[in-house]
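A short worksheet on the structure shown next.
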Amino acid sequence: GTIVFLTSQDLSALWNRDPAIVLVGLLEFLGYLIIGVLACKASYVFFKRKLTAPKLVERLGIAEFAFETIRSILYAIISGGGGEVWIGVFLRIFAGAIALGVWIAYFEMSRRVQTTFVD
């Protein structure tokens with residue numbers, strides 16, 4: 001394949017289209033980069049069965065939830081979405097909160113977790 005590099009003219013043309021979309025794209029890139037680094041660290045600690053793994057995985061889940069919530073809200077604002085878009089955002093946030101709650105409860109209360117992760 002061919003590697004394509006963006007020139008300053010390309011970036012200027014992109015920025016002039018809609019700065020809000022470009023800004024959200026950059027924030028999204030940074031968010032995924034941070035989540036990726038946290039996920040790598042959590043995976044390493046998790047597979048080493050360290051005592052800190054459950055808390056680190058919980059923090060990763062919280063970070064992912066916060067990132068997805070912000071991302072969804074920004075998307076709805078920028079797209080100028082009506083009621084259907086906001087209902088979708090609310091449902092994603094609600095489903096994410098339920099899933100996060102289940103995983104946090106599991107890591108906090110599970111005997112299996114307590115016996116698996118040792119110092």
* For the pair Glu68 and Arg92, evaluate side-chain contact (heavy atoms from CB on, under 4.5 Å) and give the outcome as yes or no after the intermediate values. => CA-CA 9 Å; Glu68 288 299 326; Arg92 266 185 298 228; over 6 Å; no
* Do you know the tightest heavy-atom contact between Ala42 and Leu56? -> CA-CD2, 3.6 Å
* **Sequence-distant partners of Ile104, side-chain contact (heavy atoms from CB on, under 4.5 Å), two or more places apart** => Glu58, Ile62, Leu100, Glu108
* To do: Please round to the nearest 0.5 Å and tell me the distance separating atom CD1 of Ile70 and atom CD of Glu28.
  => 12.0 Å
* **Separation between CD1 of Ile98 and CD1 of Ile93, rounded to the nearest 0.5 Å** => 13.0 Å
* Under 30°, 30 to 60°, or over 60°: which ring-plane class applies to Tyr106 and Trp103, parallel, tilted or perpendicular? -> perpendicular
* Would you indicate whether the side-chain heavy atoms of Ile73 and Trp86 approach each other to under 4.5 Å? => yes
* ring-ring contact (aromatic ring centres under 6.0 Å, His included) partners of residues 46-82, not counting sequence neighbours, each pair once -> Tyr32-Phe67, Phe46-Phe117
* List the steps and the verdict of side-chain contact (heavy atoms from CB on, under 4.5 Å) for Leu38 and Arg59. => CA-CA 9 Å; Leu38 286 174; Arg59 289 184 192 130; over 6 Å; no
* Asked: Taking a hydrophobic cluster as the set of Ile, Leu, Val, Met, Phe, Trp and Tyr residues connected by side-chain heavy atoms closer than 4.5 Å, whether directly or through intermediates, do Ile77 and Val89 fall within one such cluster?
  -> yes
* Asked: Which heavy atom of Val113 sits nearest a heavy atom of Pro54, and at what distance?
  -> CG1-CG, 3.6 Å
